[in-house]
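Below you'll find the structure, written out as structure tokens, and then a few comments.
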Amino acid sequence: MHKLTLLTLTAALTLSSAQAQTFKWDAYKGTTLRVLLNQHPWTTAMQEYFPEFEKLTGIKLATETYPEAQFRQKVLVELSTGGQNLDAFMLSPGQEGQLYAKSGWVEDMTGYVNSKTLTAGNWGFSDFYPSVVNSTKYAGIMTGVPIQTETTMLFYRKDLFQKYGVAVPKTLVQLEAAAKTLNGKDGVAGIALRGKGSSATSQFAPYMYAEGSTWLKDGQANFTDPKFVKAMTYYTGLLKNYGPQAALTMSWPEVTNLFAQGKVAMFTDASLFRSIVDDPKSSSVAGKVGFAAMPGRKPTVTTWTLSISKGSRNKGAAWLFTQWATNRENQARVLLKDVPAVRRSVWNTPAFKAQDKNPEWTQAHLTQLASATPLWNPPVSQVGEVRDALGQAIVGILQGGNAAELLKKANDATNTILSKEK
């Protein structure tokens with residue numbers, strides 16, 4: 001496996017060397033590039049290779065890495081005050097993309113990725129998954145270049161499913177039936193889902209889409225749509241009837257921790273959590289975990305990108321860093337470190353296939369990328385405020401409140417927020 005990895009990366013480095021001879025990687029030699037990064041697995045995987053970029057280009061990287069909440073706030077402050085001192089940064093388009101695009105704070109990457117002069121000939125934009133690229137776009141503006149991706153999927157206990165003769169659910173009806181059958185068996189809850197207010201909204205999205213509803217309709221909140229109400233009643237019903245106690249306190253750390261402790265039969269959430277629940281170092285059920293496509297077949301896809309500040313004085317250098325960081329070689333590197341890649345080609349490399357311990361996970365994840373929707377969050381500028389409004393409804397329903405009434409309240413609050421955006 002080590003030889004395969006070494007051969008693959010050596011070949012990629014050879015390509016990079018040949019590329020360096022024909023493409024002017026040193027066009028901005030002497031530039032200092034300020035880059036803000038989120039404390040994320042992609043950042044951890046890539047940082048050791050940053051000196052290679054500096055050697056290739058003669059550009060000095062001045063990187064700053066912060067925990068996510070602090071990172072988001074810092075980027076927001078810098079961009080909203082002009083962004084002249086910020087060159088490149090990580091962005092979660094589903095969270096801030098619409099606000100940043102609408103405010104004119106980010107470069108539209110469309111012209112960069114399609115340029116024959118600004119972009120190295122073998123960079124290969126067509127290699128990126130279209131659904132992931134689409135998740136970066138708002139009002140026709142491509143807010144960044146994807147660096148990693150994740151989809152919603154089902155995680156389940158293979159041993160319990162086999163022991164009690166439960167088939168892997170493909171529909172929401174089958175999901176509830178499985179939760180009901182396994183609830184209480186061997187001391188486990190039937191299913192765990194996020195119930196902690198706003199954190200639950202993103203993982204509710206696939207249930208909403210499966211019922212045929214949407215976040216918005218004609219520019220207004222759609223939370224009173226009967227199909228939306230049905231989806232929310234279903235989602236919260238799973239938690240109330242077959243979920244663990246204290247569902248109101250559960251975001252992804254609590255959900256994954258309960259599953260890893262062997263206290264839950266299944267959960268649906270982001271595909272990247274495989275690294276937690278199937279790792280012997282962090283999970284008592286490692287080796288017993290199954291992975292499947294999201295029941296209802298309406299998964300969402302999300303990504304982090306590298307983006308360029310509209311106010312940057314070093315846009316050319318920032319684009320060199322962006323295309324270098326997202327080339328095939330570096331995508332192969334992060335994939336080998338369990339960061340899901342956004343390029344199709346790297347999933348087929350001998351190095352990855354040799355170390356792929358979870359082909360079931362790989363198949364479910366990649367199959368879903370073809371059809372997943374990027375709107376895992378409401379497509380509004382003030383995402384946080386809308387998530388909070390809907391999150392309050394989720395909490396109220398879990399506490400026994402009337403779903404239709406609480407969603408009507410969230411609907412009205414969201415429309416008030418939307419009216420201020422116009």
Side-chain angles (χ1 to χ4, degrees), residues 151-196 199-200 202-211 230-280 282-299 358-361 363-365 367-368 394 397-398 400:
T151 65
T152 43
M153 68 165 52
L154 174 68
F155 299 77
Y156 66 97
R157 285 278 300 277
K158 292 189 291 186
D159 55 333
L160 294 179
F161 272 60
Q162 182 176 5
K163 181 178 180 179
Y164 293 102
V166 177
V168 178
K170 296 181 180 180
T171 68
L172 295 187
V173 171
Q174 293 171 352
L175 180 66
E176 182 171 15
K180 182 177 181 179
T181 297
L182 294 171
N183 192 46
K185 299 291 196 302
D186 293 9
V188 304
I191 191 169
L193 302 167
R194 300 189 197 186
K196 192 176 181 180
S199 71
S202 62
Q203 297 310 311
F204 161 70
Y207 295 85
M208 174 190 71
Y209 289 123
E211 293 291 357
K230 180 181 179 182
M232 183 61 75
T233 301
Y234 174 89
Y235 182 90
T236 52
L238 286 177
L239 273 175
K240 288 191 289 185
N241 297 325
Y242 317 114
Q245 293 183 348
L248 294 172
T249 68
M250 295 196 307
S251 187
W252 70 261
E254 292 76 26
V255 169
T256 56
N257 186 49
L258 284 172
F259 186 87
Q261 290 178 2
K263 297 180 180 180
V264 178
M266 57 182 172
F267 72 99
T268 63
D269 214 299
S271 55
L272 63 84
F273 294 133
R274 174 198 63 175
S275 60
I276 296 176
V277 300
D278 205 32
D279 183 348
S282 57
S283 175
S284 65
V285 297
K288 302 176 183 178
V289 184
F291 311 93
M294 179 69 200
R297 295 299 194 266
K298 294 293 183 180
N358 302 107
E360 184 185 21
W361 178 92
Q363 181 180 9
H365 174 79
T367 298
Q368 295 193 146
I394 293 173
I397 296 168
L398 289 173

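Since this is a predicted model, take the numbers as computed values, not measurements. Atom set for the values below is all heavy atoms of this structure, side chains included, hydrogens, waters and symmetry mates excluded.
- Using a 4.5 Å heavy-atom threshold, the side chains of Phe273 and Val255 count as separate.
- Remark: Arg157 does not engage Asp186 in a salt bridge, criterion side-chain N to carboxylate O under 4.0 Å.
- Taking OG of Ser202 as the start and CG of Asp269 as the end, the distance is 7.0 Å to the nearest 0.5 Å.
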field: Worked verdict on Asn241 versus Lys180 for side-chain contact (heavy atoms from CB on, under 4.5 Å)
entry: CA-CA 8 Å; Asn241 297 325; Lys180 182 177 181 179; over 6 Å; no
- prompt: How far apart are the C-alpha atoms of Val166 and Tyr156, what are their side-chain angles, what is the distance that settles it, and do they pass the side-chain contact (heavy atoms from CB on, under 4.5 Å) test?
  reply: CA-CA 11 Å; Val166 177; Tyr156 66 97; over 6 Å; no
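- Side-chain contact between Met266 and Phe161: present, with at least one pair of heavy atoms (C-beta onward) separated by less than 4.5 Å.
- The neighbour count for Gln261 CD, taken as heavy atoms of other residues, nucleotides or ligands under 6.0 Å away, is above 12.
- Atom NZ of Lys170 sits in a sparse spot, with 12 or fewer heavy atoms from other residues, nucleotides or ligands closer than 6.0 Å.
- Evaluation of the ring pair (Phe, Tyr, Trp, His ring centres under 6.0 Å) test over residues 162-193, restricted to residues two or more places apart or in two chains, returns none.
- Minimum heavy-atom separation, Asp279 to Ser275: CB-O, 3.2 Å.
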task: Decide side-chain contact (heavy atoms from CB on, under 4.5 Å) for Met153 and Trp361; before the verdict, give the C-alpha distance in whole Å, the side-chain angles of both, and the deciding distance to 0.1 Å.
output: CA-CA 9 Å; Met153 68 165 52; Trp361 178 92; 3.5 Å; yes
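- Counting all heavy atoms, side chain and backbone alike, Asp278 lies closest to Pro280 at O-CD, 3.7 Å.
- A donor-acceptor pair is defined here as one N or O able to donate and one able to accept, closer than 3.5 Å; such a pair exists between the side chain of Tyr234 and the backbone of Leu172.
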- request: Determine, step by step, whether Arg274 and Val289 satisfy the side-chain contact (heavy atoms from CB on, under 4.5 Å) criterion, reporting the C-alpha distance in whole Å, the side-chain angles of both residues, the deciding distance to 0.1 Å, and the verdict.
  value: CA-CA 9 Å; Arg274 174 198 63 175; Val289 184; over 6 Å; no
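- By the 4.5 Å heavy-atom criterion applied to side chains, Pro206 and Thr268 are not counted as neighbours.
- Within the model, atoms NZ of Lys288 and CG of Leu160 stand 8.0 Å from one another, a figure rounded to the nearest 0.5 Å.
- Counting heavy atoms from C-beta on, the side chains of Tyr235 and Gln203 come closer than 4.5 Å.
- Taking 4.5 Å as the limit, some side-chain heavy atom of Phe267 sits within range of a side-chain heavy atom of Thr256.
- Considering CD of Gln368 and CD of Gln363, their distance stands at 10.5 Å, rounded to 0.5 Å.
- Residue Pro299 comes nearest to Thr152 through the heavy atom pair CA-OG1, 3.4 Å, listed as atom of the first residue, atom of the second, then distance.
- Distance CG/Leu248 to CD/Glu254: 11.5 Å, rounded to 0.5 Å.
- A donor-acceptor pair under 3.5 Å is formed between the side chain of Ser284 and the backbone N or O of Ala260.
- Taking both residues in full, the closest heavy atoms of Ala192 and Val264 are given as N-CG1, 3.5 Å, listed atom of the first, atom of the second, then distance.
- Going from atom CD1 of Ile191 over to atom CG of Leu239 covers 7.5 Å, rounded to the nearest 0.5 Å.
- Looking at heavy atoms from C-beta onward, Met250 lies in side-chain contact with Pro244 at the 4.5 angstrom threshold.
- In this structure, OG on Ser251 lies 12.0 Å from CG on Leu193, to the nearest 0.5 angstrom.
- Side-chain atoms of Trp252 and Ile276, non-hydrogen and from C-beta on, do get closer than 4.5 Å to each other.
- Nearest heavy atom pair, residue Val168 against residue Ala292, reads CG1-CB, 3.6 Å.
- For NZ of Lys185, the number of neighbouring non-hydrogen atoms (other residues, nucleotides, ligands) closer than 6.0 Å is greater than 12.
- Summarising the geometry of Ala293 relative to Leu154, their closest heavy-atom pair is O-CB, 4.0 Å, with the distance given to 0.1 Å.
- When side chains are defined from C-beta on, Leu238 counts as touching Tyr207, because their heavy atoms get closer than 4.5 Å.
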